[in-house]
J.: 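Here's a structure for you.
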2 protein chains.
Amino acid sequence: MNEEKGPLARAEAEEYASWFKALADATRIQIVSLLARRRAPMSVGEIVAASGVGQSTVSHHLKILAEVRFVLVERQATSSLYRINEACVSCFPTAADVVMGKPVPAAPTCE
Amino acid sequence: MNEEKGPLARAEAEEYASWFKALADATRIQIVSLLARRRAPMSVGEIVAASGVGQSTVSHHLKILAEVRFVLVERQATSSLYRINEACVSCFPTAADVVMGKPVPAAPTCE
DNA sequence: ATCGTTAATCGACGATAGTCGATGAAGGGA
DNA sequence: TCCCTTCATCGACTATCGTCGATTAACGAT
């Protein structure tokens, strides 16, 4: 479907890369996997206890995951509850999408 | 299917991350997309001409892509011909795989 | 109002990664 | 044999990233 002769535009390549960057870290993979196993939303403190890294580190990774809408946050009174965004999981690009030239899915779209 | 209570093992998380790391760079996305659009294998020189970065940089990225078997190389007399590894494209993990706790696909498996 | 809890932000540090230019190795042709 | 082409590797530089400890902000409870 995508039949331009030149390489992929740089801007589009960077959009694609930003998706994969979100899962290109072992700690973030652990956090995502953790949120998926618990069905219920988790507070930052629970994630910190289960992941074995510092609180500021967890907060940092959650921010990155939230920026691509991979996780959703619901601010409660004293704590923040994070959960997997199922819609974003399914719109996350695959390697086949890159190869087949599928347009980059927009992050804000899946919410 | 994966019902352990703790977080994903660190080693497995890093294996997953190494997959996504391979596509977590705009230049590599461009190279992959380029190889996919040309049906035929491409020499390094052709990729350099089309990608707009230096020859050593292209060579470096091709090495990374080859390490996860995403591209295959066939050394000819004077040049090296790179092409997409279709098998590896389809075994490349998706975000849903991570969420669903699917075991990490082994890179050497798809060849 | 004060204190304690929870989480986001800040600043710093070390490690990793991307890029380049230069060099080196392997092969083909004159 | 010598040169030229092609690509991989090396060394250096810079930018980005992951992590931590400390600080700050928001909120509840006493």
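Sequence lines set the chain letters: A, B, ... in the order given, protein chains first and strands last, and positions in each chain run from 1. We use all heavy atoms of the structure for the numbers below, so side chains are in, but hydrogens, waters and symmetry mates are not. Quick caveat, the model's predicted, so the values are computed rather than measured.
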J.: As a quick check of understanding, evaluate side chain to side chain contact (heavy atoms under 4.5 Å, CB included) for B:Ile84 and B:Phe70, giving each step before the final call.
T.: CA-CA 6 Å; B:Ile84 294 283; B:Phe70 203 94; 4.3 Å; yes
J.: Begin with the C-alpha distance, continue with both residues' side-chain angles, and end with the deciding distance and a verdict on side chain to side chain contact (heavy atoms under 4.5 Å, CB included) for A:Ile47 and A:Leu35.
T.: CA-CA 8 Å; A:Ile47 301 173; A:Leu35 287 173; 4.0 Å; yes
J.: Can you name the closest pair of heavy atoms from A:Asn85 and A:Arg69 and give their distance?
T.: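 Smallest interatomic distance, heavy atoms only, reads ND2-O, 2.9 Å.
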J.: Let me spell it out: for each of A:Val53 and A:Gln76, pick the nucleotide of DNA chain D with the closest heavy atom. Which residue's pick is nearer the 5' end?
T.: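 Its nucleotide being nearer the 5' end, the pick is A:Val53.
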J.: Which atoms form the tightest heavy-atom contact between A:Phe20 and B:Phe92, and what is the distance?
T.: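 Scanning both residues, the minimum pair turns out to be CE2-CE2, 4.3 Å.
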J.: Going 5' to 3' along nucleotides 1-18 of chain D, which nucleotides have protein heavy atoms under 4.0 Å from the base (write B), which only from the sugar-phosphate (write S), and which from neither (write -)?
T.: -----SBBB--------S
J.: What heavy-atom pair brings A:Val73 and A:Ser80 nearest, and what distance separates the two atoms?
T.: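 So the minimum-distance heavy-atom pair works out to CG2-CB, 4.0 Å.
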